[in-house]
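Just below is one structure, and these are the notes that go with it.
Below, all heavy atoms of this structure are taken into account, side chains as well, without hydrogens, waters or symmetry copies.
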Amino acid sequence: MRRPVLLVVAHGSRDPRHAATVHDLVRRVRAQRPGLRVETGFLDFNVPSVGAVLRSLDAEGVRDVVALPLLLTRAFHAKADIPAVLAEAPPRLRIRQADVLGPSPLLLAALERRLHEAGLTPADRSSTGVVLASAGSSDPEAIAVIADVAREWRYTGWCAVRPAFASAVIPGGVPRTEDAVRELRELGCARVAVAPYVLAPGRLPDRIARGAAGADVLADVLGPSPEVAQVLLERYDAARTPLLTALGA
């Protein structure tokens, strides 16, 4: 039996850098798993749409698909938007929605990679405070996950790690990037680095960059790093196993 097709479901953006980064990541996934068919669909702004890809696969005779949300947390898109789109797929398709990418130790490794590429060295670790800057969410589960990731990362030897959001601040919740940078300065960290916990460039990552104006180091987005590609494959494998079991494979 053929392996299920991996359909990477990206949000989409008016910013052309977003789609370009998504396609770069998908190419890396294909390179790491030769023979696996990987398609890309967008929820908004870019083509092809998720629905169009699913209809095309059905017309080809494909029957098994793993739809993988290109998201770091389980917020509204993973809980509502994507299931709604998948529910409209041709009925002959057997579709299993994979888990979102985060949290994962591999994503922490990707964050570390980006900080080192931005100029930090292992010797800087104990004197550097890091802002874990995500796009933001009003979903309590997503907020809790970001806080947990920051807490776990702190235990790896950084002077301090603070979560931050690029989008509107929720009263009593996660601060904005610039506020977290200022907090780490006041804490006495010798240097402050901002690590965007986002997958691709766009409006909110640009807002993170503006909020990082007072920091010493600004890392790049996670993008098509090998660690992110490996997480995609892990999520695919976890989702396809029950699908194949149900089919008696």
Side-chain angles (χ1 to χ4, degrees), residues 6 8-11 21-22 25-26 28-29 32 66-83 96-118 120 125 128-167 169-170 173-177 180 184 193-200 202 204-205 208 219-242:
L6 169 56
V8 175
V9 180
H11 181 272
T21 301
V22 170
L25 175 59
V26 168
R28 186 176 286 276
V29 171
Q32 290 186 202
V66 169
L68 196 158
L70 198 60
L71 301 167
L72 295 173
T73 59
R74 270 182 47 80
F76 183 79
H77 293 306
K79 295 178 179 179
D81 284 349
I82 293 176
R96 187 171 184 87
Q97 182 175 329
D99 288 338
V100 297
L101 304 184
S104 167
L106 285 168
L107 294 178
L108 285 181
L111 288 166
E112 299 263 355
R113 171 191 290 274
R114 294 305 187 220
L115 285 173
H116 292 157
E117 290 170 350
L120 289 181
R125 199 177 198 87
T128 302
V130 180
V131 177
L132 179 71
S134 71
S137 175
S138 60
D139 186 285
E141 180 183 352
I143 294 171
V145 166
I146 296 300
D148 287 345
V149 171
R151 190 177 305 112
E152 179 181 349
W153 204 14
R154 165 68 181 86
Y155 293 141
T156 64
W158 296 102
C159 174
V161 179
R162 294 289 187 273
F165 279 173
S167 56
V169 179
I170 301 168
V174 178
R176 295 174 302 173
T177 305
L184 290 173
V194 174
Y197 192 56
V198 292
L199 289 165
L204 291 177
I208 289 173
D220 199 357
V221 297
L222 295 173
S225 67
E227 296 87 355
V228 175
Q230 186 59 40
V231 176
L232 263 72
L233 290 170
E234 288 186 357
R235 298 293 183 257
Y236 168 79
D237 289 337
R240 82 183 182 106
T241 299

Problem - Which atom of A109 lies closest to which atom of E227, heavy atoms considered - result: CB-CG, 4.0 Å

Handout entry: Under-4.0 Å salt bridge between E112 and R125
Key = yes

To the nearest 0.5 Å, what is the distance between [atom1] on [X] and [atom2] on [Y]?
| X | Y | atom1 | atom2 | answer |
| --- | --- | --- | --- | --- |
| I143 | T73 | CD1 | OG1 | 9.5 Å |
| F76 | D139 | CZ | CG | 10.0 Å |
| R114 | L222 | CZ | CG | 7.0 Å |
| I146 | Y197 | CD1 | OH | 5.5 Å |

So, does [X] use its side chain to make a donor-acceptor pair with the main chain of [Y] at under 3.5 Å?
| X | Y | result |
| --- | --- | --- |
| T156 | E152 | no |
| R154 | W158 | yes |
| R162 | A180 | no |
| R235 | A98 | no |

Is any side-chain heavy atom of [X] closer than 4.5 Å to a side-chain heavy atom of [Y]?
| X | Y | value |
| --- | --- | --- |
| L199 | V228 | yes |
| P196 | D220 | no |
| L132 | L111 | yes |

Practice task
Only one of R74, Q97, H77 passes side chain to side chain contact (heavy atoms under 4.5 Å, CB included) with P69; say which it is.
Solution key: Q97

Exercise for the section: Any chance you could lay out the side-chain contact (heavy atoms from CB on, under 4.5 Å) test for L70 and L25, step after step, and finish with the verdict? Expected result: CA-CA 10 Å; L70 198 60; L25 175 59; 3.7 Å; yes

